Amino acid sequence: MATSDSEFNPDLLLAHKLPETRSTYNERDVAIYALGVGACGQDAVDSDELKFVYHENGQEHIQVLPTFVSLFSLGSLTDGLDLPGFKYDPSLLLHGQQYIEVYRPLPSKASLINKVSLAGLQDKGKAAILEIETRSYEQGSDELLCMNRTTVFLRGAGGFSKSSQPFSYKNYPSNQGLAVKIPQSQPSAALLYRLSGDYNPLHSDPNVAKLAGFPRPILHGLCTLGFAIKAVIKCICKGDPSAVKTISGRFLATVFPGETLITEMWLQGLRVLYQTKVKERDKAVLSGYVDIRGLSSSL
Ligand SMILES: CCCCCCCCCCCCC/C=C/C(=O)SCCNC(=O)CCNC(=O)[C@H](O)C(C)(C)COP(=O)(O)OP(=O)(O)OC[C@H]1O[C@@H](n2cnc3c(N)ncnc32)[C@H](O)[C@@H]1OP(=O)(O)O
């Protein structure tokens, strides 16, 4: 029997090949990103952060925050995806989680090829949870630089399972997942962060935000993640971004630009557990972990 493209069809969906994307960046992009997640926002000569925006002390290259690689997972995808055999409303999409692995120190400029695949789909009844994996290779050397797994929470797209057991697909094993105050994000935080490439109007246009069910534009999840991981690098890694191996984060609640983010962290061996809260509402908005390569002996 023929099925229409909008009817749920797991065979069609899981066989669907997502297009490769390309990312090219330079030191200017790296610095704009760092400013967008608050680097030097409190102190323009902060010795832990100046290296992310400037050739401090004549250093040869600007250093790259590990969360910068999350930008490679966006590519052309922020405009939405046509998925055969699956129907969803892009205006109700929320970023649910981000998982990042960084395999080597990031160059301050590069051209990358991003291989994109569907890593998971789950029916949660009121929503569908879709996971997209992006493996980024340096053009020329074909060396794998990093991997992002992006979870999107598609409100209103659940309830598609055809049997009594909710549909659940994952192509990877499921065992993968001090207190510091960080500055108040500026009311313009989302407008600055979007210059790093996520132009979704949910973060800038009051009318689009209202249609999606929010009183005003909300902050990009990856901006909150960038603020949180920068705090972990400062407090636990002594400012060394190359100490970060893996990052995992789940977006628990929305953040509005201008709210104060507080990140708390706990060290368990080489894993840092962290939680970010909005101070004004005492609400947890992000939690997760960072796996680090080693600890400085003075910690
Ligand atoms: C098909 C389209 C693909 C497009 C391609 C996209 C590729 C890349 C694009 C990336 C995204 C770009 C757009 C960016 C948007 C943003 O940045 S939005 C801002 C950041 N995100 C947020 O602010 C979301 C904050 N979180 C929330 O508002 C809520 O947590 C929630 C997501 C609305 C869920 O809350 P709720 O409805 O109350 O869910 P629950 O009842 O608690 O749980 C139901 C089940 O869902 C699981 N779950 C809950 N939260 C998440 C989550 N964040 N991620 C993943 N899964 C989640 C939860 O465990 C429950 O499951 P079960 O336990 O099995 O029942």
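Just follow the structure's listing: the first ligand is 1, and inside any ligand the first atom is 1. Small disclaimer: the values here were computed from a predicted structure and weren't measured.
- Here's the thing with R250: one of its N/O atoms is less than 3.5 angstrom from an N/O atom of ligand 1.
- Among the candidates L106, I229, I233, the single residue satisfying the side-chain contact (heavy atoms from CB on, under 4.5 Å) test with L65 is I233.
- Within ligand 1, the atoms closer than 4.0 Å to a non-hydrogen atom of T150 are 8 (C), 10 (C), numbered from 1 in the order shown.
- If you look at H95 next to ligand 1, the close heavy atoms, those under 4.0 Å, come from the backbone and the side chain alike.
- At least one cation-pi condition fails for K87 and F160: the charged atom is not both under 6.0 angstrom from the six-membered ring centre and inside a 45 degree cone around its axis.
- Between L130 and ligand 1, no N or O atom pair is found at a separation short of 3.5 Å.
- Shown in contact with L83 at under 4.0 Å from a heavy atom are these atoms of ligand 1, numbered in order with element: 1 (C).
- For A253, every heavy-atom contact with ligand 1 shorter than 4.0 Å involves the backbone, none the side chain.
- Taking every heavy atom of both residues into account, R155 and A127 meet most closely at CA-CB, 4.2 Å.
- Between K124 and ligand 1, a contact under 3.5 Å exists for at least one N or O pair.
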Please lay out, stage by stage, how N148 and Q98 fare under the test side chain to side chain donor-acceptor pair (under 3.5 Å). CA-CA 7 Å; N148 277 276; Q98 189 79 10; 2.8 Å; yes
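- Ring centroids of Y33 and F52 are separated by 6.0 Å or more, keeping the two rings apart.
- For Q122, the heavy-atom gap to ligand 1 stays at 4.0 angstrom or more.
- Counting heavy atoms closer than 4.0 Å to ligand 1, residue I129 contributes side-chain atoms (C-beta onward) but none from N, CA, C or O.
- Atoms of ligand 1 found under 4.0 Å from any heavy atom of N200, numbered from 1 in the order shown, are 13 (C).
- Polar contact with ligand 1: absent for V152 (N/O pair, distance under 3.5 Å).
- Not one N or O of F86 is nearer than 3.5 Å to an N or O of ligand 1, by distance alone.
- Taking a cut-off of under 4.0 Å to the non-hydrogen atoms of H220, the atoms of ligand 1 that pass are 17 (O).
- Near I218, meaning under 4.0 Å from one of its heavy atoms, ligand 1 places the atoms 18 (S), 19 (C).
- Every residue meeting the ring-ring contact (aromatic ring centres under 6.0 Å, His included) condition with F251, not counting sequence neighbours, appears here in chain and number order: H95.
- Contact annotation: for R155 versus ligand 1, there are no heavy atoms closer than 4.0 Å.
- Near L219, with a cut-off below 4.0 Å to any heavy atom, the atoms of ligand 1 are 19 (C).
- Between F167 and S161, the shortest heavy-atom contact is N-OG, 2.7 Å.
- Contacts with ligand 1 closer than 4.0 Å are made by heavy atoms of both the backbone and the side chain of T254.
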Side-chain donor-acceptor distances from residues 221-228 under 3.5 Å, at least two apart:
none

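- Contact annotation for K126 and ligand 1: only side-chain heavy atoms (C-beta onward) come within less than 4.0 Å of the ligand.
- Aromatic ring centres of F72 and Y25 lie closer together than 6.0 Å.
- With a heavy-atom cut-off of 4.0 Å, F153 touches ligand 1 through its side chain alone.
- Ligand-side atoms of ligand 1 in range of H203: 14 (C), 15 (C), 16 (C), 17 (O), range being under 4.0 angstrom from any heavy atom.
- Among the atoms of S73, none of the N or O lies under 3.5 angstrom from an N or O of ligand 1.
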In sequence, state the C-alpha distance, the side-chain angles, and the governing distance for T134 and N114, and then conclude on side chain to side chain donor-acceptor pair (under 3.5 Å). CA-CA 6 Å; T134 307; N114 306 306; over 6 Å; no
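- Counting heavy atoms closer than 4.0 Å to ligand 1, residue L252 contributes backbone atoms (N, CA, C, O) but none from C-beta onward.
- In this structure, the separation between CG on L18 and NZ on K115 is 14.0 Å, given to the nearest 0.5 Å.
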